[in-house]
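My structure is below; once you've seen it, I'll send some questions.
The shown structure was predicted, so the numbers you read here are calculated from the model rather than taken from an experiment. Sequence lines set the chain letters: A, B, ... in the order given, protein chains first and strands last, and positions in each chain run from 1. Heavy-atom basis, side chains included; hydrogens, waters and symmetry copies ignored.
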Amino acid sequence: MRAVLLRDLRLAMRVGGGFGLAIMFFLIVAVLVALGVGPDVALLSDISSGILWVIALLACLLSLDRIFSLDYEDGTLDHLVIAPLPLESVVLAKATAHWLTTGLPLGLVSPLVGLMLGLPAEGYLWLVLSLALGTPALSVIGTFGAALTLGLKRGGLLLSVLILPLYVPTLIFGAEVARRGSIGIELQTPLWMLLGLSFGVVAILPFASAAVLRINLR
Amino acid sequence: MRAVLLRDLRLAMRVGGGFGLAIMFFLIVAVLVALGVGPDVALLSDISSGILWVIALLACLLSLDRIFSLDYEDGTLDHLVIAPLPLESVVLAKATAHWLTTGLPLGLVSPLVGLMLGLPAEGYLWLVLSLALGTPALSVIGTFGAALTLGLKRGGLLLSVLILPLYVPTLIFGAEVARRGSIGIELQTPLWMLLGLSFGVVAILPFASAAVLRINLR
Amino acid sequence: MFMVLSVQDLCIARSGQVLMTDVNFELAAGQALIFKGPNGLGKTTFLRVISGLQPALSGKIHAKEDSFAYTAHADGVKPSLTVAENLQFWADIFDNQNIDTALSAFGLNDLKSRFAGLLSAGQKRRLCLARMLISNRPVWVLDEPSVSLDTASVTQLEEVIKQHLQNGGAALIVTHGHLDLGPSCKTVNLGEYKSNRAVYGDGAEAFL
Amino acid sequence: MFMVLSVQDLCIARSGQVLMTDVNFELAAGQALIFKGPNGLGKTTFLRVISGLQPALSGKIHAKEDSFAYTAHADGVKPSLTVAENLQFWADIFDNQNIDTALSAFGLNDLKSRFAGLLSAGQKRRLCLARMLISNRPVWVLDEPSVSLDTASVTQLEEVIKQHLQNGGAALIVTHGHLDLGPSCKTVNLGEYKSNRAVYGDGAEAFL
Amino acid sequence: MSLWEYANPVKFLNLSGRVLPWVALLSAICLVVGLIWGFFFTPDDYRMGSTVKIIYIHVPAALMAINAWFMMLVASLIWLIRRHHVSALAAKAAAPVGLVMTLIALITGAIWGQPMWGTWWAWDPRLTSFLILFQFYIGYLALWKAIENPDSAADLTSILCIVGSVFAVLSRYAVNFWNQGLHQGASLSLDKEKNVANEFYHPLLFSIAGFVFLFLVLVLIGTRSEIRIRRASVIVARKIR
Ligand code: HEM
Ligand SMILES: Nc1ncnc2c1ncn2[C@@H]1O[C@H](COP(=O)(O)OP(=O)(O)OP(=O)(O)O)[C@@H](O)[C@H]1O
Ligand SMILES: Nc1ncnc2c1ncn2[C@@H]1O[C@H](COP(=O)(O)OP(=O)(O)OP(=O)(O)O)[C@@H](O)[C@H]1O
Ligand SMILES: [Mg+2]
Ligand SMILES: [Mg+2]
């Protein structure tokens, strides 16, 4: 499992450009949102935490497609199925690699983006916390979607349509934690929900993904 | 050129799911934005036209990757280079196919999304018009980026980082037309700028893309 | 003789079409079987079924768990990793720390630090075959291994397989070309098992 | 005799490494050349240079414009189009409305309406070769055309090439196997032109 | 003799062929009675005027939209556990019906919302969660359409349906939470109205029954044609060698 993780990270670094590019991506999208919405600071600050969460979803989507498809096309996945390690751990390794190259950099850069969009000062801690708790769930759910659409070339849009509804609960609770944090009201409930959701998803969904992979490779 | 266009459309329909899925994608993203930002109608209506424009950009991004890369990987592009038709027209055909499967459905569904996000009634005409004028430019610019990153597997993020800055002028003028339209103030200047930009890009950039393709295939 | 694989009444299908029926054979340690048959007969499907990548329609396959190493038409090589990194990855997966013997067995030493995406077709094929040596698995399942290889490399490949057989391994090979593996190798014509029956899905009969 | 291609002092390179130097040959209408050479020598690069897909380092290639049709290692086949749709696309591109002769020449008639993604390796290769017939180009450039083909299909391929030669076409073929194309075919060993000189980038001299 | 016998496609075709006309008749009667009664023989509501009559389509459609998904969930579980083809095909046949029901509920709701709230659309939790349900249907159908091999498609869509159900329930809860404290949509809570107006309630029951039978009819027809399509393709596959 470590080997799969390391290899995926190395591939991501070498071709995707890794961290640096991911961070750039978030910054640019934030700028675009600012440009699209207009320069009204009050408005931007109201929507900042929500928009950051939506950006997190979209960044996931942009990279999901490639979680399995490259390995599938060149036959590597077949070898991994035969190899002496459970498919569940391959799935988990890939989800982890995905998180390390999207969720983590997003979490790191989110204060900066918050600053650009005028997030109130109390909001930073909660924004980062909500992203840290929520993005692992996004990666794991995304892996499930990628497994479902394995082998459908150009599955990009289909994948989005399958996955985005599954992202709804995470998004709502995550954005709610960040939003409430930024205006300083009680946020226990969404925080616990987010935590529970994330743990549940990470613990259970990889089994479903592995099952789906097996069906698809049949 | 017609053959390339038809084939790309057929491939998009058959695997990507075509129009229906593209339209769903826009709806879903709009829902996500609402879920992220919160249910406050006044707030949503302020950002609606800007968000729609940002969604247009992101939908382009999600599909750009595949404009050339599939044809490159399986060697089809080599054959197209040798074939008796200018590479410029291949580029234009591919940009057209891309527009027909992203820009067009977005334009069609934008009034509905506007409705959901509470766009003021005066805004619809201008929103649709700005998208109709602007999205062709997005597709052509995107084709240029896809040509640049040809052959870089997992080029997704790199492509985004290269392309998004090029999208800035189109975005600014397009969103400005839609925004001014929705609050009913004068919008001649951004409208003409958008029109000029779009024409210029469509007329000139395919040559650059073809040149870039030739260099990348060398 | 010690049997590493025995296949009884195997029946395989793909997309609702039965391809072969009643395939029976046994494979002993130290033995190789070369399968021949026309394009589209179902040889690839057959090897995938035996390796456990696809379910059989009916029949039994007896083999120890984790005994197969498989080489497919597709190379399974990552263009953006170097040759050594590609092999090292599989070495990690299979808990086998020595990639040097595999590299030198297929003459890849000079190419060690080149990106796999820059290899020529034959070099890539050799890299893909080198994985067999790393897997440490007793039964090698090879789908047209000699494709794109020049004559010298084919000889190298034959040597490697022979060595594997001498060490008590076994091999199932599909090829359209010629491979000389000495006396411990038998050729089987799969064309004899061809079937034309159609099924559709695994419960197709239910629909009639 | 009418020359369709003449190559003078050709020198080819890839990634800053000169692969072959001073290649000279002429190809007449009705003639085929088979090139042989070890893996990684640069045969694929050589064919790509001749077809105009890559620039040569130096030397001259004389041929009429648009005279080449090229078959590569990669199949260039769209898995989600049917066999007929795949060919029809190229027929549209080359303004040649008849795909039936191409289909039947490679025994693809029965597979016409199957998705190309479901073809076996050899069937896919045949589809890829059928494109040559559709292109109507005089010089066929074939990079290991017989890979994955069974013996019957290899014979079919030989027939098709011979027919093409008789109709005044010509062919450049790289193969590691054996193709019997009759008397109008010569074999060239490319290994003789091998070079080990390194250059770096085509403007490299400027930096020395 | 167990119920599972009817999981055999042939037996199912026989039985459903016999049942179908009667269910169709029943559905037609209930719908006609419910809708005519509701539209022409009930008074206008004192607050909502005649627009209240949309309720006879809106509410049954909304109920069926949810129940259709529930039926798909059960059928998917049966397919995964017992591998009866009919249940997989029934799930497939139910999806478009559920999708249309969802759409009807949303559209009639929107038409209703215009006079009631002065807007076509509001981010009310109920409406939002239906929009999300709509997306689940689309995803499910798109996956069926995208996969070639029918058995794999059945497996994958079943798993999607199960996982999706969990997330749909979570979403429903989340959406309720999301829009809790905001004033929007307070006027939607109709339970009070229900109690008030018994004369609306009885025709509504008829039209709900009519929608239930209609759903049954459509799913049976859909399943039967799916079975026939599969049978045809088996026969075709046999013919071509
Ligand atoms: C004054 C206006 C409306 C009234 C009185 C009304 C009434 C109702 C009633 C009585 C139900 C059944 C609830 C249940 O059985 O749990 C229902 C469900 C529903 N309505 Fe409306 N509705 C109105 C407007 C709308 C609008 C504008 C929309 C959307 C565009 C809408 C969408 C829905 C949906 C999606 C459901 C199903 C939700 C569920 O059952 O949980 N409604 N409505
Ligand atoms: N993924 C697939 N789905 C459905 N059918 C397939 C698939 N792959 C191959 N087939 C069909 O199954 C048959 C057997 O294919 P297979 O690849 O096993 O043949 P093969 O004997 O290996 O041929 P070759 O010598 O050309 O490699 C072929 O007729 C092919 O068209
Ligand atoms: N895209 C590339 N970029 C850089 N170098 C390459 C590239 N492709 C191949 N090479 C290198 O150039 C040399 C020649 O490659 P080429 O593919 O032409 O060989 P070949 O003679 O066709 O071999 P084979 O018989 O294995 O197909 C090889 O050593 C290879 O490593
Ligand atoms: Mg094969
Ligand atoms: Mg080569």
Find the distance between CG (B:Leu162) and CE (A:Met24) and round it off to the nearest 0.5 Å. 10.0 Å
What are the two closest heavy atoms between A:Gly36 and B:Ala175, and how far apart are they? O-CB, 3.7 Å
Is it the side chain or the backbone of A:Leu57 that comes within 4.5 Å of chain B heavy atoms, both, or neither?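 For A:Leu57, the side chain is the part near chain B, not the backbone.
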Winner by heavy-atom pair count (cut-off under 4.5 Å) against chain A, out of B:Ile28, B:Ile172, B:Leu27: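 Highest number of pairs under 4.5 Å: B:Ile28.
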Checking A:Asp46 against B:Val37 for the side-chain contact (heavy atoms from CB on, under 4.5 Å) test, could you report, in this order, the C-alpha distance in whole Å, the side-chain angles of both residues, the deciding distance, and whether it holds? CA-CA 8 Å; A:Asp46 279 351; B:Val37 170; over 6 Å; no
Where does B:Val54 contact chain A at under 4.5 Å (heavy atoms): side chain, backbone, both or neither?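 Interface part for B:Val54: side chain.
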Other residues, nucleotides, ligands: >12 heavy atoms within 6.0 Å of B:Met193 CE: no
Rounding to 0.5 Å, atoms CG (B:Leu44) and CD1 (A:Ile47) come to a distance of 9.5 Å
Let me know if A:Leu58 has heavy atoms under 4.5 Å from chain B in its side chain, its backbone, both or neither. side chain
Using 0.5 Å steps for rounding, measure from the CZ atom of A:Phe173 to the CG atom of B:Leu35. 11.0 Å
Proximity breakdown for B:Leu171 and chain A, heavy-atom pairs closer than 4.5 Å: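 For B:Leu171, the contact with chain A is made by the side chain alone.
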Decide side-chain contact (heavy atoms from CB on, under 4.5 Å) for A:Phe25 and B:Leu164; before the verdict, give the C-alpha distance in whole Å, the side-chain angles of both, and the deciding distance to 0.1 Å. CA-CA 9 Å; A:Phe25 175 76; B:Leu164 284 178; 4.2 Å; yes
